[in-house]
Each structure stands twice: as C-alpha cells, then as structure tokens.
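Computed over heavy atoms, backbone and side chain alike; hydrogens, waters and symmetry mates excluded.
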Amino acid sequence: MDKLTAEEIFYTMALGRRFEYAAKEHYMTGEISGFLHLDIGQEALSVAAMKAFDHGDVFTTYREHIMAIARGIEPKAVMAELFGKKTGVSEGRGGSMHLFDPSHFFYGGDAIVGGHLPNAVGCAYARKFQKSEHGVMAVFGDGATNGGAFFESLNIASAWKLPMLFLCENNRYAIGTEITRVAPFLEQAKKAEPYMPAKEVDGNDALAVYEAVKEAQEYIQKGHGPIFIEAFTYRWEGHSMSDPGTYRSQEEMEIWKRKDPIERMKKVLKERYMMSDEQIEALEKKAEAEVDAAVKFAAESPEPEVDELFDHVFAEEVHHG
C-alpha cells in the first residue's frame, strides 16, 4: 500500500469515528430519531474494505454510515439523512438504516438481517450477464450466516460462478447473542468452504483487510466465481442506541479496546510511512472540522415537503421517445 492510500484510510477512519460520536450525541438530544446502529471500533474493516473494492457494487446492512462515507458519499449528505432532512443521501426518507446512492454503486442500509444477500446475488448475475468487469461485494454480520437466505445465496452464487465477494463482519454478537450460542463454531467461514474459497483476516488491521479485499476483487474479476472473507472485529457500542450491552463483561470490552484499529493505524503511519505526530494530529483536526460542518449542514437543511410523502413509494413507469 502506498503512503497516500494509507493516509487516506487513516483519515477516513478518524472521520468515521468522529462522525459516529456526533451522531450519538445528536441522537441523545432528539435531533436524530428512529434507530441508530454505531460502528465505533470497527472502522478498519468498514473503511479499508470500501477503499479496496474501488469499483463495483456494494450491498450492506444498517450499520453503514462509515461505509457510505468511505465509498465517497459526502459526510454532510449522510448526516443530513440521519437528521431526516431533504438534503440527505436518501432525501430524508431512509434515515440511519437506509443510505442508498446508485451514483456511488452503494445499495446499502438493508434493515433485514441477511435480506440483502439475495439482492446482491441478483446484481452479480446481472453483472455477469452484461459481461461487466464490475463485481459485487456484500457485507453482512455473523448473525446473518445462520439464515436461510445466506445459504441460498452461497449456493446459487457458487453454482453460477457469479462475480461476488461475501464479506462477513464477525463481531461475535448478533444483537446480544454470542455467536457460538447459536452456531457450532466461531469461524463462520467454515460454512462457506463447501461452496467457494474462504479465508479469515484480522478485521481491526486496516492493511490486512485492504490486501485481502483487493486480492478477492481481482479473483472475482478474473471469472473464477465467488469468494468469501471473514473479518474478525468488535463493536464498542451496543447493537443500537437502545442496547445497553449488559451481555458483555467490562474485561472483554477492555481487551478489545486495547486493539483499537485507529491507534494501530497511527502506529503504521509512524513506523512504516514516517509520519510525525503533528501530521497525524492535523488529519484528526481536519476530520473533526469536517464532521462539525456536516452537523451544521444537517441542522440547517430543510425538512422534506409533506406533499412529497408518497413519492418513490411505488414504481413509476418511464416512457421513452
């Protein structure tokens, strides 16, 4: 990885964490309503995977704010969506769980656990039918691997050799249920092994995630069919803002906080790319300013019009010629 890419990944990770803490703060004041699922602690996976999968379609879950920003969607458009404003990436209709921007090939924010996987398979089939070089990446949690849609998606993607990367974000907990209480093993990649090549990666190591996803993208673009990556990570916050996280011990939390992906990336910038503390601090201040600007933009943006309430609810026929 070149220095510029490493610096960009670090900056986006720092930006993402500040964005999430700002979202949490404004949720507590009531300016953001509905559900809010935070990604704090998982920034390496969310950012590095998006940067590595630099072209192609992305389908993901409702814990997607940082992924959307890493994909190139403006932070102010993401924050405005959380505020329910017309200037949001989904025009204020989706909120936190439904960020959607076809111009960035980002079809994220699916609220049903594992429900986006068949959609991603359909998109991969379309890309293969079109003989497109673009593959498809689907991101999902460990809990999704126990659903029927997961196995159906693995099966058809493998049978038809579709250009698809299955990226499992294993943070050990499906809401409050530890994964080994509902699955026979911690490593969910074992479920994919009969269908396709599968590998594991440290999800808190941004460089490792980047390299793994980059290799996977090249693999599927050569027409070899689907591939599976499992990235082990940990979320610091509850499943959503309504979850106090009492199912986890303080000792367990401290172990994972010592593996802070942002601090690890700082060390990489210093030791491998010879960046100074002052240079890193400048990036963090820039990220803080960008989040402040995003919050100001969201707060000052207009609400959607009432007479637009039913727009985009039903499909509209398009007439040509």
Side-chain angles (χ1 to χ4, degrees), residues 1 45-61 64 67 70-71 102 104-110 112-170 179 183-203 205-233:
M1 181 186 296
L45 168 59
S46 297
V47 173
M50 293 298 145
K51 296 295 185 186
F53 205 79
D54 52 0
H55 51 279
D57 305 283
V58 173
F59 289 75
T60 185
T61 69
E64 86 285 38
M67 292 184 191
R71 190 67 176 169
H104 285 87
F105 302 96
F106 189 84
Y107 314 104
D110 196 298
I112 306 300
V113 173
H116 60 305
L117 296 179
N119 297 340
V121 169
C123 184
Y125 176 77
R127 290 304 188 191
K128 183 172 183 177
F129 184 78
Q130 295 167 342
K131 301 186 185 307
S132 167
E133 292 183 353
H134 291 181
V136 176
M137 177 167 70
V139 187
F140 50 95
D142 45 273
T145 68
N146 294 320
F150 170 75
F151 289 100
E152 292 168 354
S153 298
L154 291 183
N155 182 66
I156 205 69
S158 177
W160 292 350
K161 293 191 179 304
L162 300 181
M164 187 166 170
L165 165 58
F166 291 87
L167 178 58
C168 178
E169 172 191 272
N170 190 339
I179 186 63
F185 34 72
L186 172 64
E187 303 84 2
Q188 302 309 296
K190 292 178 180 177
K191 296 174 180 174
E193 288 174 352
Y195 299 93
M196 62 191 69
K199 66 180 298 182
E200 299 172 1
V201 67
D202 181 349
D205 183 340
L207 271 64
V209 172
Y210 183 88
E211 295 301 330
V213 171
K214 184 61 75 178
E215 288 175 8
Q217 186 182 47
E218 292 172 0
Y219 177 87
I220 64 176
Q221 287 180 341
K222 289 177 180 176
H224 297 310
I227 190 168
F228 189 103
I229 295 176
E230 180 173 19
F232 293 95
T233 186

Work out which heavy atom in Phe106 is nearest to a heavy atom in Thr60; give both atom names and the distance.
CZ-CG2, 3.7 Å
Can you list the steps and then say if Phe228 with Glu193 is a side chain to side chain contact (heavy atoms under 4.5 Å, CB included)?
CA-CA 8 Å; Phe228 189 103; Glu193 288 174 352; over 6 Å; no
Using only atom types and a distance under 3.5 Å, with no angle test, would you say the side chain of Lys214 pairs donor to acceptor with the backbone of Ala52?
yes
Does the side chain of Asp142 pick up a donor-acceptor pair with the side chain of Gln188 at under 3.5 Å?
no
Looking only at heavy atoms, which two atoms of Gly225 and Ile220 are closest? And how far apart?
O-CG2, 3.3 Å
How about Leu45 and Leu167: do any of their side-chain heavy atoms sit closer than 4.5 Å?
yes
Please state whether the rings of His134 and Phe105 are parallel, tilted or perpendicular, taking 30° and 60° as the class boundaries.
perpendicular
For Leu186, is the CG atom crowded, meaning more than 12 foreign heavy atoms sit under 6.0 Å from it?
yes
For the residue pair Ser46 and Ala70, what are the closest heavy atoms and their distance?
O-CB, 4.2 Å
Over 12 non-hydrogen atoms of neighbours within 6.0 angstrom of CZ in Phe129
no
Count the heavy atoms of every other residue, nucleotide or ligand shown that sit under 6.0 Å from CD of Gln130, and state whether that count exceeds 12.
yes
Are the side chains of Lys161 and Lys128 in contact, using a 4.5 Å heavy-atom criterion?
yes
Please report the shortest heavy-atom distance between Pro197 and Ile227, naming the atom on each side.
O-CG1, 3.5 Å
Looking at His116 and Thr61, what are the two nearest heavy atoms and their distance?
CE1-CG2, 3.8 Å
For Val121, run the side chain to side chain contact (heavy atoms under 4.5 Å, CB included) check against Ile156, Val136, Leu154 and tell me which one passes.
Ile156
Would you mind reporting whether Lys51 and Met1 have side-chain heavy atoms less than 4.5 Å apart?
no
Do the side chains of Ile179 and Asn146 get nearer than 4.5 Å, heavy atoms only?
yes
Apply side chain to side chain contact (heavy atoms under 4.5 Å, CB included) to the pair Gln217 and Asp54, showing each step before the final yes or no.
CA-CA 9 Å; Gln217 186 182 47; Asp54 52 0; 3.1 Å; yes
Are the side chains of Phe166 and Thr145 in touch, meaning some heavy atoms are under 4.5 Å apart?
no
Check whether any side-chain heavy atom of Ile229 sits under 4.5 Å from a side-chain heavy atom of Lys199, and report yes or no.
yes
Val139 versus Met50: any side-chain heavy-atom pair under 4.5 Å?
yes
Hey, could you give me the CG/OG1 distance between Asp205 and Thr233, rounded to the nearest 0.5 Å?
11.0 Å
Going from CZ on Phe140 to CZ on Phe59, what distance comes out if it is rounded to the nearest 0.5 angstrom?
14.0 Å
Of all heavy-atom pairs between Ala198 and Ala189, which one has the smallest distance, and what is that distance?
CB-O, 3.9 Å
With side chain to side chain contact (heavy atoms under 4.5 Å, CB included) as the test, would you mind laying out the steps for Asn119 and Tyr107 before giving the verdict?
CA-CA 10 Å; Asn119 297 340; Tyr107 314 104; over 6 Å; no
Does the side chain of Glu230 come within less than 4.5 Å of Lys190's, by heavy atoms?
no
Heavy atoms of other groups near Tyr125 OH, more than 12 under 6.0 Å
no
